[in-house]
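Heads up: the structure comes next, in structure tokens.
Worth knowing before you read on, the calculation uses all heavy atoms, side chains too, and leaves out hydrogens, waters and symmetry mates. We name chains A, B, ... by the order of the sequence lines, and we start the count at 1 in each one.
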2 protein chains.
Amino acid sequence: MLTHSEENYLKAIFHLSLETDEDISTNAIALKINSQPSSVTEMLKKMSDKSMISYQKYKGVSLTEVGQKTALKIVRKHRLWEVFLFDKLNFSWDEVHEIAEQLEHIHSDKLTQELDRFLDYPQHDPHGDPIPNRAGFIQYSEKILLATLQVGETARFVGVKDSSAVFLQYLDKRNIALGDLLTISFIEAFDQSMHVLINDSNHILSKQTINNIYVLKV
Amino acid sequence: MLTHSEENYLKAIFHLSLETDEDISTNAIALKINSQPSSVTEMLKKMSDKSMISYQKYKGVSLTEVGQKTALKIVRKHRLWEVFLFDKLNFSWDEVHEIAEQLEHIHSDKLTQELDRFLDYPQHDPHGDPIPNRAGFIQYSEKILLATLQVGETARFVGVKDSSAVFLQYLDKRNIALGDLLTISFIEAFDQSMHVLINDSNHILSKQTINNIYVLKV
DNA sequence: AAAATATTTTAGGAAAGCCTAAAAATAGCA
DNA sequence: TGCTATTTTTAGGCTTTCCTAAAATATTTT
């Protein structure tokens, strides 16, 4: 049984691994979990002894098969709890993450399974991220950044890259929600901002914004 | 913000205080939480510094007003989660306690409130114990032990004293559930075992059993 | 009331998880 | 390639929470 802290390390390494094919550096992990590199080194030794990661001094780490499975279980729990909070308890999509960070550490396979059933086997969390199934299989979709679309194209808003509370609140304020259809009407040449038709209103979205929004072409 | 461990001490002292009007001894706490008296002494000092308990060396402890309120919040969370597991996630009443022990430590007032609403403001947990309201008020009922009834009396099964898994499973096996009506038909003089009519079947309940079952006379 | 017993506290130590500062290894550049 | 800058690890320390063993205090018994 892993400690709370070990689970957080595992999750950090898992998320960092999605961004790159290389081994994950000590510094990157320290940055991710807001701690010091020396603390990370110490923990990596411990997790390597437990066969959760492959670790060679100075060479960075990667998850072992067991580590990967374990990380996926935690991600599964995190995202299922997010759905519960959003669908059943009236939480907004910018509030769910923080509480799911606590709930993801509850140990009970039956709880996870029953929660999944109770929520009717959801495929995505409130930010559009896929929920691994019981076996740890995760269905990644072909989603692309809104920024890559051309004028005239239409796509469905299916996810956010950065799900920080401020960004999510910004979208809420503009009534832009997961599932909405977006049509590009114009792209400003000088700052790459996009004019987008959403729910019959015109929005001008900054370069930063359109690089944070994932869509599926329709 | 209290630690996981401090919350467990608080809860232990709270439950022990329900059984007696005297101050709670170091040994009693150690026994309750399965630890050593010396560990308890150490923690009591810390919690006294935080004004959660009144503590005098060698004299035992009692909860302060703040400590009492805090303990009630934890009990509230514990019992609400038990209802959730039982009502929504198909857990049996002997399984809910263990997982609620983990869930009770999740920190979020909004979560507790929304859970309460979602469950439709339940008054009792699956073992019949009362759930404190948001303000920390707890409605104790006049429940008495089944053992105190006389032949011919009828009462409703409203709670258990010892909610250990084995005892709860024993009741399940005999189809005896919270809310059932019980009528005493005979009491054996030599071992105080009771012949009880429940759901049209006759049960012979041992002295231990009838001292673990709470009822309300009807 | 003194002696024996039981309870509680103190003293000292261990593991987990964090830290800072210094040393070692690696990477980047002239 | 050799030197500098960066990254990573080691060394040593701190806090929390637990432990055992011994000392201090309280309670019970005779």
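In terms of phosphate contacts, A/Lys45 brings no side-chain nitrogen or oxygen within less than 4.0 Å of OP1 or OP2 of D/dT9. Considering only side-chain N and O atoms, A/Ser39 lies nowhere under 4.0 angstrom from the phosphate OP1 or OP2 of C/dC18. Side-chain N/O atoms of B/Tyr55 include one lying less than 4.0 angstrom from OP1 or OP2 on C/dT9. Of the side-chain N and O atoms in B/Lys57, one or more sit less than 4.0 angstrom from OP1 or OP2 of C/dT10. OP1 or OP2 of C/dC18 sits under 4.0 Å from a side-chain N or O of A/Tyr9. For the pair A/Thr26 and D/dT9, the criterion of a side-chain N or O lying under 4.0 Å from OP1 or OP2 is met. Regarding contacts with the backbone of D/dC18, every side-chain N or O of B/Gln36 stays at 4.0 angstrom or more from both OP1 and OP2. The side chain of A/Asn27 contributes an N or O atom lying less than 4.0 Å from OP1 or OP2 of D/dT8.
In this structure, A/Leu31 places its CG atom 16 Å from P of D/dT6, rounding to the nearest Å. In this entry the distance linking NZ of A/Lys59 with P of D/dT8 reads 12 Å, nearest Å. A straight line from CG of B/Leu2 to P of D/dT16 spans 13 Å, rounded to a whole angstrom. Look at CD1 on A/Ile29: it is 13 Å from P on C/dC18, rounded to the nearest Å. The nearest whole Å value for the distance from the CG atom in A/Leu44 to the P atom in D/dT9 is 7 Å. Whole-Å rounding puts the A/Tyr58 OH to C/dA23 P distance at 13 Å. Rounded to whole Å, atom P of C/dA16 lies 10 Å from atom CE of A/Met43.
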- Item | CA sep, side-chain torsions, deciding dist, call: B/Glu82, B/Arg79, salt bridge (charged side-chain N to carboxylate O under 4.0 Å, His left out) | CA-CA 5 Å; B/Glu82 286 194 342; B/Arg79 293 181 179 166; 5.8 Å; no

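Below the 3.5 angstrom threshold, one finds a donor paired with an acceptor across the side chain of A/Ser38 and the base of C/dT20.
In B/Glu188, the CD atom is crowded: over 12 heavy atoms of neighbouring residues, nucleotides or ligands sit closer than 6.0 Å. More than 12 heavy atoms of other residues, nucleotides or ligands sit less than 6.0 Å from atom NZ of A/Lys50.
Test A/Arg134, A/Arg76, A/Lys110 against A/Asp116 for salt bridge (Lys or Arg N to Asp or Glu O under 4.0 Å) and you get one pass: A/Arg76.
Positionally, the nearest nucleotide of DNA chain C for B/Ile24 lies more toward the 5' end than for the other of B/Glu42 and B/Ile24.
Backbone-only engagement by B/Ser5 is indicated by non-hydrogen atom pairs under 4.0 Å involving sugar-phosphate atoms exclusively.
For B/Thr209, the side chain to side chain donor-acceptor pair (under 3.5 Å) partners at least two apart in sequence or on another chain are B/Ser206.
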